[in-house]
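The structure appears right after this line, and notes come after that.
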There are 2 protein chains.
Amino acid sequence: MDLRVLRYFCAVVHEGHFGRAAARLGIAQPPLTRQIQKLERDLDVLLLHRVHKRFEVTQAGQLLYERALRLLAGADQAQLDVRRASSGEMGRFTVGFVHSTAFTILPSVIGRFRQAYPDVQLEVREMHYNNLVPALEGGSVDVGLLRPHINSRVLQIVTLIREPFMALVPVGHRLANQKATSLRQLANEPFVLFSRTGSPLIHMHVMQMCLRAGFTPATIQLADQIHTVAGFVGAGMGVAIAPSTITSFNFPGLRCLHITDRVEPLPMAMAWRQGKATVLIRNFAKIARAAAAAWRPTVPPA
Amino acid sequence: MDLRVLRYFCAVVHEGHFGRAAARLGIAQPPLTRQIQKLERDLDVLLLHRVHKRFEVTQAGQLLYERALRLLAGADQAQLDVRRASSGEMGRFTVGFVHSTAFTILPSVIGRFRQAYPDVQLEVREMHYNNLVPALEGGSVDVGLLRPHINSRVLQIVTLIREPFMALVPVGHRLANQKATSLRQLANEPFVLFSRTGSPLIHMHVMQMCLRAGFTPATIQLADQIHTVAGFVGAGMGVAIAPSTITSFNFPGLRCLHITDRVEPLPMAMAWRQGKATVLIRNFAKIARAAAAAWRPTVPPA
DNA sequence: TTGTTTTAATACCCAATAGGTATCGATATG
DNA sequence: CATATCGATACCTATTGGGTATTAAAACAA
């Protein structure tokens with residue numbers, strides 16, 4: 001009982017006439033008759049009640065007709081979906097992201113991807129950097145959006161955007177009414193610094209830019225999260241240097257100043273396992289690049 | 001993309017090994033390899049990512065695997081159900097019945113049939129006799145339970161039960177305290193009679209038995225339905241002769257007496273179109289006969 | 001009533017496809 | 001380093017699908 005014979009049977013029932021059914025199927029009438037006869041022998045069931053050179057469909061035949069229509073439709077749909085899966089229009093995969101990417105390009109990338117590929121099941125999962133990298137390497141996450149600070153032989157890493165830094169000072173600070181500052185002007189200030197363990201990449205960038213400006217930040221407080229840093233500065237504990245994302249939030253007691261020195265911006269990237277770039281991942285990467293190209297750092301509030 | 005090749009593909013994915021899959025399918029490994037390759041060419045989709053002499057299932061392949069499992073299961077189920085339909089274990093048909101059969105064997109027949117063939121969709125439809133016969137002849141009803149009073153060349157009619165008649169007299173009537181009466185004792189009584197158009201068979205039986213007893217019933221009132229007849233008698237309008245079914249109801253003001261004369265009982269039958277006795281109908285008829293054999297006329301209340 | 005048409009089935013035959021065996025080549029394994 | 005493993009290829013046979021010609025009996029039209 002194969003799909004080809006079921007298709008023949010459906011044509012016969014639908015037409016009510018072997019000759020017309022054969023014509024519709026593109027075969028001659030005698031082989032069609034034989035195929036239906038063989039189907040009945042194989043099933044050991046009479047599907048057509050012959051009344052001389054005409055027939056009526058039996059109840060078993062009617063049941064088979066209904067089932068066969070469903071099977072054939074299912075097969076056609078499967079064929080279509082397999083092709084769509086092959087071209088990345090269907091399927092499922094997991095994107096892991098770190099906290100800070102949620103405020104830059106993640107929303108745009110996910111939004112564009114879901115719109116472009118509505119039939120792809122995309123699971124978006126927030127993860128700490130220390131968990132994301134092993135998950136990527138182990139295959140439980142397919143793509144990561146993260147701030148890269150290691151070189152990995154296992155992962156393919158593609159930088160998407162570079163985010164500038166800004167100086168954060170509390171309201172009332174002597175620099176608070178300026179739009180910009182040099183790093184030198186922050187040299188003798190108490191510093192709220194991103195910790196080396198909590199945000200290693202930001203820590204490294206801030207330390208390097210200060211050293212290049214000729215001073216070591218006088219660290220009065222360490223913090224992991226950008227919100228924590230901003231909160232301390234807003235409370236008057238000191239100044240900080242943070243990615244411009246911070247300006248997305250209107251923290252009370254905070255002023256954000258451009259840095260006039262030429263400082264290296266902070267990269268954000270996507271990553272996947274080398275040699276495991278499926279069509280879905282390649283499509284995602286393409287959309288992520290387009291979203292990144294359209295991204296602009298946030299303009300600080302007036 | 002036929003079921004045979006889908007079965008091959010599922011075996012390959014399930015086993016993760018062409019050789020073991022071939023063994024499980026009962027064919028050699030090379031034709032299996034060629035069949036899968038042909039499937040991929042036909043679909044123009046890579047289903048298996050070959051890594052030297054091993055493979056990984058692609059996402060498209062995984063999707064096809066899931067769909068194929070469903071299609072194969074659907075086909076197996078269809079095969080099973082077609083065979084069950086062929087033997088009358090599945091299918092659907094319509095039983096039409098006239099009002100009076102509902103109080104004799106209809107409940108038992110329907111109950112027994114539904115129990116014996118739970119997967120048959122049985123539609124039970126009450127119909128007036130004048131509509132039931134054309135419906136049987138036209139094919140919109142498959143089996144009828146009715147009181148037969150015509151010979152039909154189109155219908156096959158099989159008597160199931162024969163129901164005795166009883167005399168109905170109002171409470172207070174001179175015969176009310178007897179358990180039985182002869183027809184002769186009713187000769188000069190006013191009669192509530194089943195009408196010739198509303199219940200032709202009962203009308204004919206009652207007229208015949210009275211004529212054989214030597215009198216014509218003095219009809220004071222005609223009625224179509226057995227309930228109407230019983231109501232009139234209970235109201236004191238006269239006496240009546242009715243099928244013993246009437247004793248199933250405790251009508252106020254009514255006494256039911258056996259008839260001591262030898263009178264021809266009232267037949268009830270099933271009918272279907274000649275030459276259209278499907279397996280379902282034959283199964284139904286068998287069960288109807290068994291239910292009829294177990295049926296006993298209602299015992300009048302003490 | 002008669003001649004013609006219609007229709008699924010059968011007989012005979014050819015073409016296409018499924019499946020078998022032997023073997024290969026490159027990697028994995030012991 | 002020798003051997004085993006594994007899917008793929010080459011060559012071949014067996015089986016099945018499909019074609020044409022024809023049949024027989026009912027339906028249809030004149």
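Hydrogens, waters and symmetry mates play no part in the numbers below; they use all other heavy atoms, side chains included. Lettering follows sequence order; numbering is per chain, from 1. Remember, predicted model here, so these are calculated numbers, not experimental data.
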Output a table of donor-acceptor pairs, distance under 3.5 Å, between side-chain atoms of residues 60-72 of chain B and any protein atom two or more places apart or on a different chain; print 'none' if there are none.
residue, atom, partner, partner atom, Å
Q62(B), NE2, E66(B), OE2, 3.4
R67(B), NH1, D81(A), OD2, 3.0
R67(B), NH2, D81(A), OD2, 2.5

Without decimals, in angstroms, what is the distance between [X] [atom1] and [N] [atom2]?
{"X": "L25(B)", "N": "dG19(C)", "atom1": "CG", "atom2": "P", "value": "9 Å"}
{"X": "D42(A)", "N": "dT16(D)", "atom1": "CG", "atom2": "C1'", "value": "12 Å"}
{"X": "R41(B)", "N": "dA8(D)", "atom1": "CZ", "atom2": "P", "value": "12 Å"}

**OP:** Go through the side-chain N and O atoms of T33(B) and Q37(B) and say whether any donor and acceptor fall under 3.5 Å apart.
**Re:**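 Checked: T33(B)/Q37(B) side chains show no N/O donor-acceptor pair below 3.5 Å.
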Original post:
Side chains of M1(B) and L6(B): does their closest heavy-atom pair fall under 4.5 Å?
Top reply: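 They are in contact (side-chain heavy atoms under 4.5 Å apart), so the answer is yes.
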**OP:** Could you tell me whether the side chain of L46(A) reaches within less than 4.5 Å of the side chain of E40(A), counting heavy atoms only?
**Re:**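 A side-chain contact exists here, since the closest heavy-atom pair is under 4.5 Å.
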**OP:** Do nucleotides 7-18 of chain C as a string where each nucleotide becomes B, S or -: B if the base has a protein heavy atom under 4.0 Å, S if just the sugar-phosphate does, - if no protein is that close.
**Re:** BBBBBB-----S
Original post:
Which angle, to the nearest 10 degrees, lies between the helix axes at the two ends of the helix from dT1(C)-dA30(D) to dG30(C)-dC1(D), each defined by five pairs?
Top reply: 30°
Original post:
Listed by chain and number, what are the salt bridge (charged side-chain N to carboxylate O under 4.0 Å, His left out) partners of R4(A), not counting sequence neighbours?
Top reply: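 With sequence neighbours excluded, R4(A) shows a salt bridge (charged side-chain N to carboxylate O under 4.0 Å, His left out) to no residue whatsoever.
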Subject >> salt bridge (charged side-chain N to carboxylate O under 4.0 Å, His left out) involving E123(A) - partner list, sequence neighbours excluded >> reply: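 Expected list: R125(A).
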Subject >> Chi angles and distances behind the salt bridge (charged side-chain N to carboxylate O under 4.0 Å, His left out) call for E15(A), R24(A) >> reply: CA-CA 9 Å; E15(A) 295 286 346; R24(A) 159 189 279 228; 2.9 Å; yes
Original post:
F113(A): what forms a ring-ring contact (aromatic ring centres under 6.0 Å, His included) with it, not counting sequence neighbours?
Top reply: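 For F113(A) the ring-ring contact (aromatic ring centres under 6.0 Å, His included) partners, ignoring immediate neighbours, are F93(A), Y117(A), F284(A).
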